[in-house]
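From a predicted model like this one, the values you see are computed outputs, not experimental measurements.
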Amino acid sequence: MKTRATITGTGLYAPEKVVTNDFFTKKYGRDMDTFLREQRNIVERHFMSDDQATSDLVVPAALEAMKNAGVQARDIDLVIVATDTPDYVSPSTAAVVQYKMGLERAGSFDLNTACAGFATALDVAGKYLVADDRYQTILVVGAYGMTKYFDWTDYKVTSVFADGAGAAIVQRAPSEKYGILASQLSTDGQYHDYMGIYAGGTKFPINEQNVAERKHLLQFTKRIPPETNGIVWPHLTHAILDRINAGVADVNHFFFTQININSITETMAKLEAPLAKAHNVMDRYGYTGSACIPMALADAAKAHKLKKDDLVLILGSGGGMTTAAMAIRWSYDT
């Protein structure tokens, strides 16, 4: 039997503070609601409180995923937190989570491929389970606390980005039919200086000049071509499906990085697939970066959309520019 890894439980958490589009209309003195609804499919989003850190978003999402998977703290062998908004530059946010949750048996590490982080971490977890019998149960989390890095003069960013976390428990699949069937990671590093939080590392340490230039806040320094995802996602879809001898029509659910509804619509049109197969949560949660795909997965599971034997395709992309694609044969009814 070929060992595969699969998701056995999901969870999500969004902070209690709900921010509607009207907040931005009042703050910036312009109609923000029309654009956000029509061009981004965003109605409201959640912001973390001043005393919350990214790890505080992870814990409740992780607890929900563990409950849904029927596992306890003593069962977790490894914690992988995918985030580019960590509690600290060092040590890892995963170490904080491991302590807060009392996961005494678990190793831990952070992974940063920006908004492609969760799909990348899921791929890594799957390979741990395939390669080493000592790992049985892995907690994978995508977490985002980008509001702490807002430049409030940039209404195009502040009105779209939000906070949240999504989690998944990953274990060995019940048979080789189920679980992660194929995955693919790629990077186009020429875009590494197009968007990011650039101060705080060794290239731009925190100092007066870098703070004055707002390098410690989220910046879009160059314009990424808006058609990028609409090109990359269809290509990745066909590449992954070719590897498992499946067609677009065989896919039951698509989960995309959820920053632009138009990119999702364009991709589904190019694939000649019904838009209803792409589960979206932007309307309620805004753009939550590395958390958006696991939050969408957990939301779909709560709605009982995911059924045993469904073919699920995950397509993530983020700053860098990094991409991650994955095909999963779902192993249980939600």
*Thinking salt bridges, do K148 and D87 make one under a 4.0 Å N-O criterion?*
no

*Rounded to the nearest 0.5 Å, how far apart are NE2 of H216 and CG of N210?*
10.0 Å

_Please determine whether side-chain hydrogen bond (donor to acceptor under 3.5 Å, both in side chains) holds for the pair N262 and Q39, giving the CA-CA distance in whole Å, both sets of side-chain angles, and the decisive distance to 0.1 Å._
CA-CA 7 Å; N262 292 328; Q39 300 300 316; 2.9 Å; yes

_Applying ring pair (Phe, Tyr, Trp, His ring centres under 6.0 Å) as the test, list every pair that has at least one member in residues 75-110; sequence neighbours left out._
none

*asked:* Looking at every heavy atom in both W330 and V312, which two are closest together, and how far apart are they?
replied: CE3-CG2, 4.0 Å

_N41 side, atom CG; N280 side, atom CG - distance, nearest 0.5 Å_ = 6.5 Å

_T288 (side chain) donor-acceptor with Y144 (main chain) under 3.5 angstrom_ = no

*Report yes if the side chains of L122 and I314 come closer than 4.5 Å at any heavy-atom pair, otherwise no.*
yes

*Can D33 and T25 be said to form a side-chain hydrogen bond (donor to acceptor under 3.5 Å, both in side chains), step by step?*
CA-CA 7 Å; D33 184 62; T25 295; over 6 Å; no

_N/O donor-acceptor pair under 3.5 Å between N68 side chain and A65 backbone_ = no

*Under the salt bridge (charged side-chain N to carboxylate O under 4.0 Å, His left out) rule, collect the residues that match up with R74, sequence neighbours excluded.*
none

_Residue among K305, H253, Q258 satisfying side-chain hydrogen bond (donor to acceptor under 3.5 Å, both in side chains) with H279_ = K305

*Where is the tightest heavy-atom contact between T10 and Y332, given as atom of each residue plus distance?*
N-OH, 4.4 Å

*V248 and H238: which non-hydrogen atoms are nearest, and at how many Å?*
CG2-CE1, 3.8 Å

*Do other residues, nucleotides or ligands put more than 12 heavy atoms under 6.0 Å from Q190 CD?*
yes

_Rounded at 0.5 Å granularity, tell me how far CD1 in I42 sits from OG in S159._
7.0 Å

*Results of salt bridge (charged side-chain N to carboxylate O under 4.0 Å, His left out) for D22 - residues two or more places apart only*: none

_Ignoring hydrogens and geometry beyond distance, is a side-chain donor-acceptor pair present between T83 and S290 at under 3.5 Å?_
no

*For D309, what residues pass the salt bridge (charged side-chain N to carboxylate O under 4.0 Å, His left out) criterion, not counting sequence neighbours?*
K177

_side-chain hydrogen bond (donor to acceptor under 3.5 Å, both in side chains), that's the test. Do Q171 and T137 meet it? Break it down for me._
CA-CA 5 Å; Q171 298 176 301; T137 303; 2.9 Å; yes

*Is the shortest heavy-atom distance from the side chain of L181 to the side chain of L311 under 4.5 Å?*
yes

*Check whether any side-chain heavy atom of K270 sits under 4.5 Å from a side-chain heavy atom of T237, and report yes or no.*
no

_Main chain of A269, side chain of E272: is a donor-acceptor contact present, judged purely on distance under 3.5 Å?_
no

_Close side-chain approach of L218 to D151, heavy-atom, < 4.5 Å_ = no

*Pairwise side-chain contact, L217 with W152, heavy-atom cut-off 4.5 Å (strictly under)*: no

*Any donor and acceptor pair, going by atom type alone, linking the side chain of T221 with main-chain N or O of D193 inside 3.5 Å?*
yes

*Any ring pair (Phe, Tyr, Trp, His ring centres under 6.0 Å) involving residues 28-79? Give me the pairs, sequence neighbours left out, ordered by first then second residue.*
Y28-Y155, H46-Y285, F47-F150

*Would you find a donor on one side and an acceptor on the other, under 3.5 Å apart, between the side chain of Q219 and the backbone of R214?*
yes

_Show the nearest heavy-atom pair for residues M66 and I76, with the distance to one decimal._
CE-CG1, 4.3 Å

*Indicate the atoms forming the closest heavy-atom contact of A296 with F255, along with that distance.*
O-CE2, 3.6 Å

*asked:* Treating Q184 as the side-chain partner and A325 as the backbone partner, does any N or O pair qualify as donor plus acceptor under 3.5 Å?
replied: no

_D133 and R172, any side-chain heavy atoms less than 4.5 Å apart_ = yes

_Let's go through D123 and S183 carefully: what are the C-alpha distance in whole Å and the side-chain angles of both, what is the deciding distance for side-chain hydrogen bond (donor to acceptor under 3.5 Å, both in side chains) to 0.1 Å, and is it a yes or a no?_
CA-CA 7 Å; D123 187 40; S183 60; 2.6 Å; yes

*State, with a plain yes or no, whether a side-chain heavy atom of V160 is found less than 4.5 Å away from one of M282.*
no

*Shortest non-hydrogen contact between L129 and A5, atoms and distance*: CD1-CB, 3.6 Å

*Pairs involving residues 168-198, ordered by first then second residue, that meet ring pair (Phe, Tyr, Trp, His ring centres under 6.0 Å) (sequence neighbours left out)*: Y191-Y194

